[in-house]
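Here is how names work: the chains are called A, B, and so on, in the same order as the sequence lines, proteins then strands, and each is numbered from 1.
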Amino acid sequence: MPELPEVETIVRDIGPYLTGRTLRNPQLHKTDVLRGISRRRLISSLDGQRVEHVSRRAKHAVLLLRNGLRLIIQPRMTGTLIVYDRTLRAAEQRYAVLEMKVGRRETFVYRDVRRLGTIHLLQEKAWLSYTARIGPEPLDDTFDFANFVARLHGTRQAIKKTLMDQARIAGIGNIYANEALFRAALDPSRRTDRIDRHSLERLYRELRAVLGEAIAAQGTTFRDYRTGTGQRGSFQDSLLVYGRAGQPCTQCGTHLATTHAIDGRATYFCWRCQGTPS
DNA sequence: ACGAGGTCCTGCGAGC
DNA sequence: TGCTCGCAGGACCTCG
């Protein structure tokens with residue numbers, strides 16, 4: 001489930017293959033991922049366009065094209081973005097949503113089993129408005145502790161839900177919210193407005209640390225996620241709580257617990273180290 | 001402002 | 001074996 005570290009890994013991988021290349025023969029196999037654009041206009045806007053720049057914003061991959069449009073792909077749950085330097089195998093072709101040639105042999109594929117992912121194609125102005133609705137990038141140099149506190153301010157919601165609110169801070173999903181809260185020894189269900197400054201300092205530090213470590217490990221592969229070259233990530237080996245219900249806490253040995261009480265999403269935590277969710 | 005619940009989508013595993 | 005059903009979940013929506 002690509003969150004910030006996974007999309008960052010994808011973008012770093014595919015960027016060198018796409019930048020300066022011309023998109024040829026785009027094929028859209030499914031249309032239900034399109035947002036605000038028809039298949040016909042997407043195809044005609046992509047075909048023959050040079051890719052000027054590839055970047056990440058929150059959990060989106062952004063391809064800036066010569067014609068000024070941005071192709072924005074959000075892989076969500078099961079989406080993968082891969083550049084292959086060979087012909088695709090049948091299994092790789094299956095579930096392909098968008099596919100285009102980016103060189104003599106290279107093919108760029110957006111593949112998505114469940115197709116909860118989305119594709120936008122935006123003009124500069126629409127892009128600015130789109131990105132303005134998303135919070136700041138947590139790994140930016142400018143994202144200091146004061147900024148973090150300001151972004152969390154004014155809500156009584158559970159801290160885990162607040163962290164995952166893309167309008168407040170960009171790119172944090174379920175895996176890294178769980179991990180950061182455990183590492184900061186914070187109860188995921190704690191009301192955001194009732195967390196003391198020292199706890200917030202720990203959370204700020206651990207959040208940035210875990211995101212950085214996950215990028216260094218090429219992301220977390222639980223099931224579908226692959227890097228931009230089709231490899232598995234390795235941060236699943238470093239997860240301390242996510243997916244580890246029933247296993248011993250690495251800090252105190254207590255059996256880790258899971259609940260769906262916060263926003264209906266799987267929360268993993270240690271009763272002893274993080275306290276009891278209220 | 002906030003929580004609850006529905007929606008999208010398909011593979012998978014449990015249960016019968 | 002073959003079927004149904006619930007679940008996985010990020011973002012967005014409506015309702016109370």
A.B. asks: Side-chain N or O of T155(A) versus OP1/OP2 of dC2(B): is the shortest distance under 4.0 Å?
C.D. replies: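 The answer is yes; a side-chain N or O of T155(A) sits under 4.0 Å from OP1 or OP2.
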A.B. asks: Which one, dC12(B), dT10(B), dG9(C), comes nearest to the side chain of R223(A)?
C.D. replies: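 Of the candidates, dC12(B) comes closest.
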A.B. asks: Rounded to the nearest angstrom, tell me the gap between atom CE in M164(A) and atom P in dC12(C).
C.D. replies: 13 Å
A.B. asks: What is the distance, rounded to the nearest whole Å, between atom CG of L116(A) and atom P of dT10(B)?
C.D. replies: 9 Å
A.B. asks: Could you verify whether a donor N or O on one side chain and an acceptor N or O on the other, from T22(A) and R50(A), lie under 3.5 Å apart?
C.D. replies: no
A.B. asks: L34(A) has an atom CG; how far is it from atom P of dC8(B), in whole Å?
C.D. replies: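 That distance rounds to 17 Å.
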A.B. asks: Any side-chain N or O of R265(A) under 4.0 Å from OP1/OP2 of dG10(C)?
C.D. replies: yes
A.B. asks: Describe the nucleic acid contact of E3(A) in one word from base, sugar-phosphate, nothing, applying a heavy-atom distance below 4.0 Å.
C.D. replies: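 Since no nucleic acid heavy atom lies under 4.0 Å of E3(A), the category is nothing.
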A.B. asks: For R168(A) and dA1(B), give me the distance from atom CZ to atom P, rounded to whole Å.
C.D. replies: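 Roughly 9 Å, once rounded to whole Å.
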A.B. asks: Return no unless some side-chain N or O of Y95(A) is found under 4.0 Å from OP1 or OP2 of dG11(B).
C.D. replies: yes
A.B. asks: So, does Q157(A) get its side chain near the phosphate of dG3(B), meaning an N or O under 4.0 Å from OP1 or OP2?
C.D. replies: yes
A.B. asks: Say whether N178(A) and Y176(A), considering side chains only, have a donor N or O and an acceptor N or O under 3.5 Å apart.
C.D. replies: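 There is no such pair between these side chains.
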A.B. asks: By nearest atom, which of the nucleotides dT10(B), dA11(C), dG9(C) is closest to the V113(A) side chain?
C.D. replies: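 So the nucleotide nearest the side chain must be dT10(B).
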A.B. asks: Whole Å only: how far is the CG atom of D112(A) from the P atom of dT10(B)?
C.D. replies: 10 Å
A.B. asks: With a non-hydrogen cut-off below 4.0 angstrom, is R35(A) in contact with a base, only sugar-phosphate, or nothing?
C.D. replies: nothing
A.B. asks: Considering just the side-chain nitrogens and oxygens of Q166(A), establish if one lies under 4.0 Å of OP1 or OP2 belonging to dG10(C).
C.D. replies: no
A.B. asks: In whole angstrom, what separates I175(A)'s CD1 from dA8(C)'s C1'?
C.D. replies: 12 Å
A.B. asks: Assign the ring pair F143(A) / F148(A) to parallel, tilted or perpendicular, where the plane angle (0 to 90°) is split at 30° and 60°.
C.D. replies: perpendicular
A.B. asks: Using a heavy-atom cut-off of under 4.0 Å over every strand shown, decide if D263(A) touches base, sugar-phosphate, or nothing.
C.D. replies: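 No contact at all - D263(A) keeps every heavy atom at 4.0 Å or more from the nucleic acid.
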A.B. asks: How is Y130(A) classified with respect to the nucleic acid when contacts are heavy atoms under 4.0 Å: base, sugar-phosphate, or nothing?
C.D. replies: nothing
A.B. asks: With a 4.0 Å cutoff (strictly under), does any side-chain N or O of R115(A) reach OP1 or OP2 of dT10(B)?
C.D. replies: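 Answer yes for this pair, as a side-chain N or O of R115(A) is under 4.0 Å from OP1 or OP2.
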A.B. asks: Using only atom types and a distance under 3.5 Å, with no angle test, would you say the side chain of E6(A) pairs donor to acceptor with the backbone of T220(A)?
C.D. replies: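 Present.
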A.B. asks: Any side-chain N or O of R191(A) under 4.0 Å from OP1/OP2 of dA1(B)?
C.D. replies: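 Checking R191(A) against dA1(B): no side-chain N or O falls below 4.0 Å of OP1 or OP2.
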A.B. asks: So, does Y225(A) get its side chain near the phosphate of dG9(C), meaning an N or O under 4.0 Å from OP1 or OP2?
C.D. replies: no
A.B. asks: Under 4.0 angstrom, heavy atoms only, what part of the nucleic acid is D32(A) near: base, sugar-phosphate, or nothing?
C.D. replies: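 D32(A): backbone/sugar contact only, no base atoms under 4.0 Å.
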A.B. asks: Looking just at side-chain N and O atoms, do R40(A) and S44(A) make a donor-acceptor pair shorter than 3.5 Å?
C.D. replies: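 Side chains of R40(A) and S44(A): no pair found under 3.5 Å.
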A.B. asks: Does a distance-only test, which skips hydrogens and angles, find a donor-acceptor pair under 3.5 Å between the side chain of R114(A) and the base of dA8(C)?
C.D. replies: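 Looking at the base of dA8(C), it does pair with a donor or acceptor on the side chain of R114(A) (distance under 3.5 Å).
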A.B. asks: Taking only N and O in the side chain of H260(A), is any of them less than 4.0 Å away from OP1 or OP2 of dC7(C)?
C.D. replies: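 No, H260(A) has no side-chain N/O under 4.0 Å of OP1/OP2 on dC7(C).
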A.B. asks: Across the strands shown, which category fits H60(A) at heavy-atom distances under 4.0 angstrom: base, sugar-phosphate, nothing?
C.D. replies: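 The residue H60(A) makes no contact with any strand.
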A.B. asks: Determine the interplanar angle of the Y130(A) and W127(A) rings, folded into 0 to 90°, and report it as parallel if under 30°, tilted if 30 to 60°, perpendicular if over 60°.
C.D. replies: parallel
A.B. asks: Whole angstroms only, please: what is the CZ-P distance between R156(A) and dA1(B)?
C.D. replies: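 The answer, rounded to whole Å, is 11 Å.
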A.B. asks: For dC2(B), take OP1 and OP2 only and decide whether either is under 4.0 Å from a side-chain N or O of K161(A).
C.D. replies: no
A.B. asks: Starting at CE of M77(A) and ending at P of dC8(B), how long is that distance when rounded to a whole Å?
C.D. replies: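 Rounding to the nearest Å, CE of M77(A) and P of dC8(B) are 17 Å apart.
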